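Please read all numbers here as calculations on a predicted model, not as lab measurements.
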Amino acid sequence: MAVGGVVVALLAGWLVYRIALLNPDEPDRGAGEILAATLDVDGVERSYLLYLPEGYAGEPGLPLVVNLHGLSSSAQNQIDRSGFNAVADRERLIVVYPNAQGGGPLGLAQWDVRLSEGGEDDVFIEALIDELIVSHGIDGTRVYATGLSYGSIMTYTLACVLSERFAAVGGVAGGLPRDLESTCGAAPRAVPLIHIHGDSDNIVPFGGIGDLTLGADESVAAFVSAHECAPDLVRSAVPDIDLDDGTTTTRQVAVDCESGGAVELYVVHGGGHNWPGGTRTMRIFFGAMSRDYDASTVLWDFFAQHRLDPVG
(Lines give C-alpha, C1' and ligand atoms only; values in the text may rest on other atoms or scores of the structure.)
Protein backbone atom coordinates (compact mmCIF):
# COMPACT_ATOMS: atom_id res chain seq x y z
CA MET A 1 0.00 0.00 0.00
CA ALA A 2 1.32 3.46 -0.91
CA VAL A 3 2.11 5.84 1.93
CA GLY A 4 -0.74 8.17 0.91
CA GLY A 5 -3.19 5.27 1.07
CA VAL A 6 -1.95 4.35 4.53
CA VAL A 7 -2.46 7.94 5.71
CA VAL A 8 -6.06 7.90 4.44
CA ALA A 9 -6.73 4.52 6.07
CA LEU A 10 -5.32 5.64 9.39
CA LEU A 11 -7.34 8.86 9.28
CA ALA A 12 -10.51 6.91 8.54
CA GLY A 13 -9.73 4.61 11.46
CA TRP A 14 -9.20 7.54 13.78
CA LEU A 15 -12.55 9.07 12.76
CA VAL A 16 -14.36 5.79 13.31
CA TYR A 17 -12.65 5.43 16.68
CA ARG A 18 -13.71 8.91 17.75
CA ILE A 19 -17.28 8.78 16.48
CA ALA A 20 -18.46 5.21 16.88
CA LEU A 21 -16.33 3.39 19.44
CA LEU A 22 -18.34 0.43 20.67
CA ASN A 23 -18.28 -0.66 24.31
CA PRO A 24 -15.19 1.37 25.24
CA ASP A 25 -13.22 0.55 28.36
CA GLU A 26 -12.75 3.33 30.87
CA PRO A 27 -9.16 4.53 30.24
CA ASP A 28 -6.79 4.04 33.17
CA ARG A 29 -5.02 7.38 33.42
CA GLY A 30 -3.27 6.55 36.66
CA ALA A 31 -3.55 8.04 40.13
CA GLY A 32 -0.69 10.51 39.69
CA GLU A 33 -0.51 13.92 38.04
CA ILE A 34 -0.71 14.76 34.32
CA LEU A 35 0.98 18.04 33.45
CA ALA A 36 0.65 19.90 30.14
CA ALA A 37 3.81 21.71 29.09
CA THR A 38 5.65 23.18 26.12
CA LEU A 39 9.28 23.35 25.07
CA ASP A 40 10.93 25.79 22.70
CA VAL A 41 13.04 23.89 20.17
CA ASP A 42 14.96 26.15 17.80
CA GLY A 43 12.20 28.75 17.94
CA VAL A 44 9.35 26.27 17.53
CA GLU A 45 7.00 25.66 20.46
CA ARG A 46 6.43 21.94 20.96
CA SER A 47 3.91 20.48 23.39
CA TYR A 48 3.77 17.38 25.55
CA LEU A 49 2.04 15.78 28.52
CA LEU A 50 4.12 14.63 31.48
CA TYR A 51 2.95 11.96 33.90
CA LEU A 52 4.31 11.99 37.44
CA PRO A 53 3.49 8.79 39.33
CA GLU A 54 1.26 8.64 42.37
CA GLY A 55 3.06 9.98 45.43
CA TYR A 56 5.80 11.69 43.41
CA ALA A 57 7.54 14.23 45.64
CA GLY A 58 10.31 15.45 43.37
CA GLU A 59 12.72 12.64 44.10
CA PRO A 60 15.52 12.42 41.50
CA GLY A 61 16.74 9.34 39.71
CA LEU A 62 13.49 7.94 38.32
CA PRO A 63 13.54 6.32 34.87
CA LEU A 64 11.73 7.89 31.91
CA VAL A 65 9.58 6.34 29.18
CA VAL A 66 8.92 8.39 26.04
CA ASN A 67 5.52 7.18 24.76
CA LEU A 68 4.60 8.22 21.19
CA HIS A 69 1.11 8.45 19.72
CA GLY A 70 0.03 7.29 16.28
CA LEU A 71 -0.72 9.21 13.09
CA SER A 72 -3.41 11.90 13.53
CA SER A 73 -3.58 11.09 17.23
CA SER A 74 -2.33 12.95 20.31
CA ALA A 75 -0.53 12.63 23.62
CA GLN A 76 -3.86 12.37 25.47
CA ASN A 77 -5.06 9.61 23.17
CA GLN A 78 -1.84 7.68 23.75
CA ILE A 79 -2.36 7.93 27.51
CA ASP A 80 -5.80 6.44 27.03
CA ARG A 81 -4.81 3.75 24.51
CA SER A 82 -1.74 2.41 26.29
CA GLY A 83 -2.59 2.63 29.98
CA PHE A 84 1.10 3.12 30.73
CA ASN A 85 0.39 5.45 33.66
CA ALA A 86 -0.76 2.51 35.77
CA VAL A 87 2.65 0.90 35.22
CA ALA A 88 4.31 4.19 36.18
CA ASP A 89 2.40 4.22 39.47
CA ARG A 90 3.36 0.64 40.24
CA GLU A 91 7.00 0.75 39.16
CA ARG A 92 7.90 4.38 40.06
CA LEU A 93 8.76 5.93 36.72
CA ILE A 94 7.93 9.08 34.77
CA VAL A 95 6.23 8.93 31.35
CA VAL A 96 6.30 11.73 28.79
CA TYR A 97 3.85 11.87 25.89
CA PRO A 98 5.09 14.26 23.16
CA ASN A 99 2.74 15.68 20.53
CA ALA A 100 3.70 15.49 16.86
CA GLN A 101 3.24 18.52 14.63
CA GLY A 102 0.66 18.70 11.87
CA GLY A 103 1.99 17.71 8.47
CA GLY A 104 1.62 15.35 5.56
CA PRO A 105 -0.93 15.56 2.73
CA LEU A 106 -3.91 15.97 5.08
CA GLY A 107 -2.32 18.16 7.74
CA LEU A 108 -2.30 15.32 10.27
CA ALA A 109 -0.22 15.14 13.43
CA GLN A 110 2.64 13.10 12.03
CA TRP A 111 6.15 12.15 13.17
CA ASP A 112 8.96 12.70 10.66
CA VAL A 113 9.91 9.04 10.77
CA ARG A 114 12.16 9.32 7.71
CA LEU A 115 13.87 12.48 9.04
CA SER A 116 13.14 14.03 5.66
CA GLU A 117 9.90 15.92 6.28
CA GLY A 118 11.36 18.97 8.05
CA GLY A 119 9.89 18.15 11.46
CA GLU A 120 13.17 17.31 13.17
CA ASP A 121 11.33 15.30 15.79
CA ASP A 122 14.54 13.60 16.88
CA VAL A 123 15.88 17.04 17.88
CA PHE A 124 12.67 17.75 19.81
CA ILE A 125 12.72 14.47 21.69
CA GLU A 126 16.40 14.70 22.57
CA ALA A 127 15.83 18.27 23.82
CA LEU A 128 12.87 16.99 25.83
CA ILE A 129 15.02 14.33 27.50
CA ASP A 130 17.63 16.96 28.37
CA GLU A 131 14.91 19.22 29.79
CA LEU A 132 13.53 16.46 32.02
CA ILE A 133 16.97 15.54 33.28
CA VAL A 134 17.33 19.12 34.48
CA SER A 135 13.76 19.80 35.65
CA HIS A 136 12.89 16.43 37.19
CA GLY A 137 16.24 14.75 37.73
CA ILE A 138 15.43 11.70 35.64
CA ASP A 139 18.09 9.02 35.38
CA GLY A 140 19.72 9.56 31.98
CA THR A 141 20.94 5.96 31.94
CA ARG A 142 17.34 4.69 32.10
CA VAL A 143 15.52 6.42 29.26
CA TYR A 144 13.27 4.29 27.05
CA ALA A 145 10.98 4.82 24.07
CA THR A 146 7.82 3.15 22.88
CA GLY A 147 4.87 4.00 20.67
CA LEU A 148 1.84 2.77 18.80
CA SER A 149 1.52 2.57 15.01
CA TYR A 150 3.26 5.64 13.52
CA GLY A 151 4.60 6.24 17.02
CA SER A 152 6.15 2.78 16.88
CA ILE A 153 7.77 3.63 13.54
CA MET A 154 9.18 6.80 15.15
CA THR A 155 10.45 4.69 18.05
CA TYR A 156 12.55 2.76 15.54
CA THR A 157 13.80 6.05 14.12
CA LEU A 158 14.94 7.16 17.57
CA ALA A 159 16.73 3.85 18.11
CA CYS A 160 18.62 4.43 14.87
CA VAL A 161 19.61 8.08 15.26
CA LEU A 162 19.74 8.48 19.06
CA SER A 163 21.10 5.08 19.98
CA GLU A 164 23.27 6.51 22.76
CA ARG A 165 20.29 8.15 24.54
CA PHE A 166 17.93 5.17 24.85
CA ALA A 167 18.70 2.17 27.02
CA ALA A 168 16.02 0.13 25.20
CA VAL A 169 13.02 0.65 22.93
CA GLY A 170 9.77 -1.14 22.20
CA GLY A 171 7.39 -0.78 19.28
CA VAL A 172 3.74 -1.78 18.99
CA ALA A 173 2.29 -2.20 15.48
CA GLY A 174 4.89 -0.33 13.42
CA GLY A 175 8.31 -1.28 12.03
CA LEU A 176 11.69 0.07 10.97
CA PRO A 177 11.63 2.75 8.22
CA ARG A 178 13.24 1.34 5.09
CA ASP A 179 15.12 4.61 4.52
CA LEU A 180 16.90 4.18 7.87
CA GLU A 181 17.86 0.52 7.61
CA SER A 182 21.48 1.27 6.68
CA THR A 183 21.64 4.18 9.14
CA CYS A 184 20.46 1.91 11.91
CA GLY A 185 23.03 -0.72 11.00
CA ALA A 186 25.78 1.88 11.33
CA ALA A 187 24.51 3.33 14.64
CA PRO A 188 27.16 3.74 17.37
CA ARG A 189 25.28 1.29 19.58
CA ALA A 190 22.79 -1.51 19.04
CA VAL A 191 19.70 -0.69 21.12
CA PRO A 192 17.82 -3.54 22.85
CA LEU A 193 14.43 -3.95 21.14
CA ILE A 194 11.06 -5.54 21.80
CA HIS A 195 8.37 -5.51 19.10
CA ILE A 196 4.67 -6.42 19.50
CA HIS A 197 2.50 -6.78 16.38
CA GLY A 198 -0.73 -8.46 15.32
CA ASP A 199 -0.42 -10.71 12.28
CA SER A 200 -3.94 -9.67 11.19
CA ASP A 201 -3.26 -5.93 11.43
CA ASN A 202 -4.99 -4.30 8.46
CA ILE A 203 -3.84 -0.75 9.25
CA VAL A 204 -0.07 -1.24 9.56
CA PRO A 205 0.35 -4.77 8.18
CA PHE A 206 2.63 -7.26 9.90
CA GLY A 207 4.51 -7.52 6.60
CA GLY A 208 5.25 -3.78 6.44
CA ILE A 209 3.99 -0.74 4.53
CA GLY A 210 5.27 -0.63 0.95
CA ASP A 211 8.38 1.53 0.72
CA LEU A 212 7.80 3.08 4.17
CA THR A 213 8.59 0.31 6.66
CA LEU A 214 9.98 -3.16 6.92
CA GLY A 215 7.68 -5.85 8.26
CA ALA A 216 7.82 -7.00 11.87
CA ASP A 217 10.02 -10.02 11.12
CA GLU A 218 12.42 -7.94 8.99
CA SER A 219 12.57 -5.12 11.52
CA VAL A 220 13.43 -7.51 14.32
CA ALA A 221 15.93 -9.34 12.11
CA ALA A 222 17.77 -6.06 11.52
CA PHE A 223 18.26 -5.68 15.27
CA VAL A 224 19.16 -9.35 15.70
CA SER A 225 21.92 -8.75 13.17
CA ALA A 226 23.04 -5.51 14.84
CA HIS A 227 23.30 -7.28 18.20
CA GLU A 228 25.11 -10.21 16.53
CA CYS A 229 22.66 -12.75 17.92
CA ALA A 230 21.99 -16.24 16.61
CA PRO A 231 19.68 -15.81 13.59
CA ASP A 232 17.02 -18.26 14.81
CA LEU A 233 14.81 -16.93 17.60
CA VAL A 234 13.60 -19.23 20.36
CA ARG A 235 9.80 -19.49 20.36
CA SER A 236 7.39 -20.06 23.21
CA ALA A 237 3.64 -19.65 23.65
CA VAL A 238 2.31 -16.87 25.85
CA PRO A 239 -0.42 -18.28 28.14
CA ASP A 240 -3.84 -17.90 26.51
CA ILE A 241 -5.62 -16.36 29.51
CA ASP A 242 -8.65 -14.95 27.67
CA LEU A 243 -10.10 -17.68 25.47
CA ASP A 244 -12.67 -15.31 23.99
CA ASP A 245 -10.43 -12.51 22.64
CA GLY A 246 -9.77 -14.22 19.29
CA THR A 247 -5.98 -14.17 19.69
CA THR A 248 -2.98 -16.13 20.88
CA THR A 249 0.60 -14.89 21.10
CA THR A 250 3.99 -16.40 20.34
CA ARG A 251 7.03 -14.87 22.02
CA GLN A 252 10.28 -15.04 20.05
CA VAL A 253 13.56 -14.31 21.85
CA ALA A 254 17.01 -13.82 20.32
CA VAL A 255 19.83 -15.78 21.98
CA ASP A 256 23.64 -15.71 22.03
CA CYS A 257 23.83 -11.95 21.38
CA GLU A 258 27.45 -10.84 21.20
CA SER A 259 26.47 -7.27 22.14
CA GLY A 260 25.08 -8.34 25.48
CA GLY A 261 21.77 -6.77 24.46
CA ALA A 262 18.42 -8.37 23.75
CA VAL A 263 15.79 -8.60 21.00
CA GLU A 264 12.24 -9.97 21.31
CA LEU A 265 9.18 -10.26 19.09
CA TYR A 266 5.61 -10.88 20.24
CA VAL A 267 3.46 -12.13 17.35
CA VAL A 268 -0.22 -11.70 18.18
CA HIS A 269 -1.93 -14.37 16.07
CA GLY A 270 -5.29 -13.02 14.95
CA GLY A 271 -4.46 -9.66 16.51
CA GLY A 272 -5.33 -6.40 14.80
CA HIS A 273 -4.07 -2.83 15.11
CA ASN A 274 -4.13 -2.63 18.88
CA TRP A 275 -2.13 -2.21 22.09
CA PRO A 276 -2.64 -5.58 23.83
CA GLY A 277 -4.34 -5.16 27.17
CA GLY A 278 -4.99 -1.46 26.51
CA THR A 279 -8.26 0.39 26.05
CA ARG A 280 -10.60 -1.67 23.88
CA THR A 281 -11.11 -0.26 20.39
CA MET A 282 -13.72 -0.84 17.71
CA ARG A 283 -13.07 -4.42 16.64
CA ILE A 284 -14.88 -4.10 13.29
CA PHE A 285 -12.17 -1.66 12.16
CA PHE A 286 -9.10 -2.25 14.33
CA GLY A 287 -9.43 -6.02 14.66
CA ALA A 288 -9.08 -8.28 17.68
CA MET A 289 -7.14 -7.18 20.75
CA SER A 290 -5.25 -9.60 22.96
CA ARG A 291 -6.46 -9.58 26.56
CA ASP A 292 -3.96 -12.25 27.60
CA TYR A 293 -1.40 -9.72 28.87
CA ASP A 294 -0.77 -6.03 29.22
CA ALA A 295 1.65 -4.71 26.57
CA SER A 296 2.70 -1.83 28.84
CA THR A 297 3.76 -4.29 31.54
CA VAL A 298 5.57 -6.47 29.01
CA LEU A 299 7.40 -3.42 27.64
CA TRP A 300 8.41 -2.18 31.08
CA ASP A 301 9.62 -5.63 32.19
CA PHE A 302 11.87 -5.65 29.13
CA PHE A 303 13.04 -2.05 29.60
CA ALA A 304 13.87 -2.59 33.27
CA GLN A 305 16.56 -5.11 32.31
CA HIS A 306 18.59 -2.49 30.43
CA ARG A 307 20.41 0.72 31.24
CA LEU A 308 23.14 2.77 29.58
CA ASP A 309 26.65 2.95 30.95
CA PRO A 310 26.96 6.10 33.10
CA VAL A 311 28.76 8.96 31.36
CA GLY A 312 32.23 9.37 32.86
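Here the OG1-OH distance, from T213 to Y156, works out to 9.5 Å after rounding to the nearest 0.5 Å. The CG atom of D240 lies 6.5 Å from the CG atom of D245; values are rounded to the nearest 0.5 Å. Atom CG in L68 sits 10.5 Å away from atom OG in S82 (nearest 0.5 Å). Taking OH of Y144 as the reference point, atom OG1 of T155 lies at 15.0 Å (rounded to 0.5 Å). Here the straight-line distance linking atom CG of L193 with atom NE2 of H306 works out to 10.0 Å at 0.5 Å rounding. Between atom CG of residue L52 and atom CG of residue L35 there is a gap of 5.0 Å, rounded to the nearest 0.5 Å.
A donor-acceptor distance shorter than 3.5 angstrom exists from the side chain of D199 to the backbone of G270, with no hydrogens or angles considered. A side-chain donor-acceptor contact under 3.5 Å links R189 to the backbone of A167. No donor-acceptor pair under 3.5 Å is formed between the side chain of H136 and the backbone N or O of G61. Counting only distance, with no hydrogens or angles, the side chain of S72 and the backbone of A109 share no donor-acceptor pair below 3.5 Å. A donor-acceptor pair is defined here as one N or O able to donate and one able to accept, closer than 3.5 Å; no such pair exists between the side chain of R29 and the backbone of G83. Side-chain atoms of R291 never come within 3.5 Å of backbone atoms of I241 as a donor-acceptor pair (strictly under, hydrogens ignored). In this structure a side-chain-to-backbone donor-acceptor pair under 3.5 Å is missing from T146 to N67. Although no hydrogens or angles enter the test, the distance criterion places no donor-acceptor pair under 3.5 Å between the side chain of E181 and the main chain of P177.
For S149 against V204, the heavy-atom pair with the smallest separation is OG-CG2, 3.7 Å. Between P188 and S163, the shortest heavy-atom distance links the atoms CD-OG, 3.3 Å. Smallest separation of non-hydrogen atoms from G175 and S219: CA-OG, 3.5 Å. Residue L180 comes nearest to R114 through the heavy atom pair CD2-O, 4.5 Å, listed as atom of the first residue, atom of the second, then distance. Of all heavy-atom pairs spanning P98 and Y48, the tightest one is CA-CB, 3.7 Å. Shown here for A88 and P53, the closest heavy-atom pair between the two residues is O-CB, 3.5 Å.
W111 and H69 have tilted rings, their planes meeting at an angle from 30° to 60° on a 0 to 90° scale. Classified by interplanar angle (parallel below 30°, tilted 30° to 60°, perpendicular above 60°), the ring pair H197/H195 is parallel.
The stretch residues 181-241 participates, sequence neighbours left out, in these disulfide (SG to SG under 2.5 Å) pairs: C160-C184, C229-C257.
Counted by atom type alone, R307 and T141 present one or more donor-acceptor pairs between their side chains at under 3.5 Å. Between the side chains of T157 and D122, no donor N or O sits under 3.5 Å from an acceptor N or O. Between the side chains of N85 and Y97, at least one donor N or O sits under 3.5 Å from an acceptor N or O. The closest side-chain donor-acceptor pair between R90 and T297 falls under 3.5 angstrom. Checked by atom type, the side-chain pair Y150/Q110 shows a donor-acceptor distance below 3.5 Å. The closest side-chain donor-acceptor pair between S47 and N99 falls under 3.5 angstrom. Side-chain contact annotation: H269 with T249, donor-acceptor N/O pair under 3.5 Å absent. For the residue pair Y51 and D89, a side-chain donor N or O sits within less than 3.5 Å of a side-chain acceptor on the partner.
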List the atom pairs, donor and acceptor, that lie under 3.5 Å between side-chain atoms in residues 125-133 and the rest of the protein, sequence neighbours left out.
| unit_1 | atom_1 | unit_2 | atom_2 | d |
| --- | --- | --- | --- | --- |
| E126 | OE2 | R165 | NH1 | 2.9 |
| D130 | OD1 | R165 | NH1 | 3.2 |
| D130 | OD1 | R165 | NH2 | 2.8 |

| request: Kindly indicate, with the supporting measurements, whether the criterion side chain to side chain donor-acceptor pair (under 3.5 Å) is fulfilled by N274 and S290. | output: CA-CA 8 Å; N274 290 304; S290 174; over 6 Å; no
Item checked: side-chain contact (heavy atoms from CB on, under 4.5 Å) between D139 and L64, worked out -> CA-CA 7 Å; D139 182 352; L64 174 72; over 6 Å; no
- Walk me through it: do V143 and F166 pass the test side-chain contact (heavy atoms from CB on, under 4.5 Å)? CA-CA 5 Å; V143 177; F166 291 97; 3.8 Å; yes
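Geometrically, R81 engages F286 in a cation-pi contact, judged by NZ or CZ lying under 6.0 Å from the ring centre and within 45° of the ring axis. For the pair R251 and Y266, the cation-pi criterion (under 6.0 Å, within 45° of the ring axis) is not fulfilled.
Summarising the local packing, CG of D42 is surrounded by 12 or fewer heavy atoms from other residues, nucleotides or ligands at distances under 6.0 Å.
Two rings, from F84 and W300, have their centers 6.0 Å or more apart.
Using a 4.5 Å cut-off between side-chain heavy atoms of Ile, Leu, Val, Met, Phe, Trp and Tyr, with links allowed through other members, L158 and V113 fall into the same hydrophobic cluster.
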